[in-house]
Amino acid sequence: MEIRKHYFETIDSTNLEIKRMASDGAAEGTVVSAGEQTAGRGRSGHQWKTPMHESVATSILLRPRVEIENVSRLTLIAAMAVADAVENLYNLKTEIKWPNDILVNRKKVCGILTEMDAKDNRVQYVVVGIGVNVHTREFPEDIRDKATSLDLELEKLGGDVVPTSREDVDNAIWYYFQKYYDLFQETEDLTCILEKYNQRLVNRNREVRVLDPLGEYTGVARGMNERGELLVETFGQLRAVDSGEVSVRGIYGYV
Ligand code: BTN
């Protein structure tokens with residue numbers, strides 16, 4: 001895959017722009033990044049605030065040869081790419097809250113929103129949108145306790161701090177993403193990231209509550225498998241959790 005980048009100072013949402021470009025026939029690897037989003041979108045219909053030049057807001061257009069049920073694996077690949085980018089640029093230790101929140105010191109620095117367009121049961125295109133808090137100092141009240149930024153975490157370390165750059169973060173993310181995506185396309189599974197992902201998995205050996213529509217239950221997360229499922233041990237049995245939300249206790253203090 002070849003990456004082609006576009007930058008907008010202001011845009012409604014980089015995910016929306018990629019969708020518009022996709023409808024006009026844009027190629028796989030098209031990336032849109034923005035200085036500011038006026039209608040940034042998070043998961044579950046939430047807003048995602050992107051004030052001017054505070055964070056990375058970037059999305060990619062993919063036209064992968066994968067089955068619809070495997071598209072969510074791309075989000076896990078993206079999570080891995082962001083974690084690699086942050087660790088290698090700034091030497092900040094990252095953890096991943098399954099499936100795709102990147103944490104530094106147990107607080108969220110990055111969110112990922114993957115959207116798909118399908119026709120006749122086939123994937124037309126996928127948008128993977130990534131938001132990283134880089135220079136952010138103030139967060140809305142409702143997420144203040146669980147959100148952080150690269151600058152805030154680097155300052156805590158004290159000493160000589162490498163100045164962060166949104167452009168560097170953006171470039172590094174797509175560098176690592178491209179590498180993992182090419183490997184992923186060969187197998188359609190997550191073998192290429194599995195070991196490293198599980199090392200970073202904050203949920204590992206922790207109690208999680210699985211919000212399964214067929215019935216909620218509690219168990220202990222043991223790791224992710226190559227299908228991207230979280231293995232949760234409950235009453236001595238391992239259950240593979242694919243869709244449905246898993247909420248984690250004891251991570252954000254109040255959760
Ligand atoms: C989450 O809720 O954790 C996911 C947040 C995803 C935000 C990114 S910012 C770039 C891209 N454009 C959007 O509108 N959303 C994603």
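All figures in this text were calculated on a predicted structure; none of them were measured in a lab. Both counts, for ligands and for their atoms, begin at 1 and track the order of listing.
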Exercise for the section: Among residues two or more places apart or on two chains, list those pairs meeting salt bridge (charged side-chain N to carboxylate O under 4.0 Å, His left out) that have a residue in residues 9-23. Expected result: Asp12-Arg20, Glu17-Arg20, Lys19-Glu115
Problem - Co-members of Phe235 in a cluster of I, L, V, M, F, W and Y side chains, linked at under 4.5 Å - result: none
Problem - Electrostatic pair Arg200:Glu95 at N-O distance under 4.0 angstrom - result: no
Distances under 3.5 Å, N/O of ligand 1 against N/O of the protein: list each pair and its distance.
{"from": "ligand 1", "atom 1": "2 (O)", "to": "Arg43", "atom 2": "N", "distance (Å)": "2.8"}
{"from": "ligand 1", "atom 1": "3 (O)", "to": "Lys108", "atom 2": "NZ", "distance (Å)": "2.7"}
{"from": "ligand 1", "atom 1": "12 (N)", "to": "Thr14", "atom 2": "OG1", "distance (Å)": "3.0"}
{"from": "ligand 1", "atom 1": "12 (N)", "to": "Gln37", "atom 2": "OE1", "distance (Å)": "2.9"}
{"from": "ligand 1", "atom 1": "14 (O)", "to": "Ser13", "atom 2": "OG", "distance (Å)": "2.7"}
{"from": "ligand 1", "atom 1": "14 (O)", "to": "Gln37", "atom 2": "OE1", "distance (Å)": "3.4"}
{"from": "ligand 1", "atom 1": "14 (O)", "to": "Arg41", "atom 2": "N", "distance (Å)": "2.7"}
{"from": "ligand 1", "atom 1": "15 (N)", "to": "Arg41", "atom 2": "O", "distance (Å)": "2.7"}

Problem - Hydrophobic cluster membership, Val128 vs Val123, 4.5 Å side-chain cutoff - result: yes
Problem - Listed once per pair and sorted, the ring pair (Phe, Tyr, Trp, His ring centres under 6.0 Å) pairs that draw on residues 134-183, sequence neighbours left out - result: Trp174-Phe177, Phe177-Tyr181
Problem - Arg239 charged N/C atom sitting above Tyr217 aromatic ring, 6.0 Å / 45° - result: yes
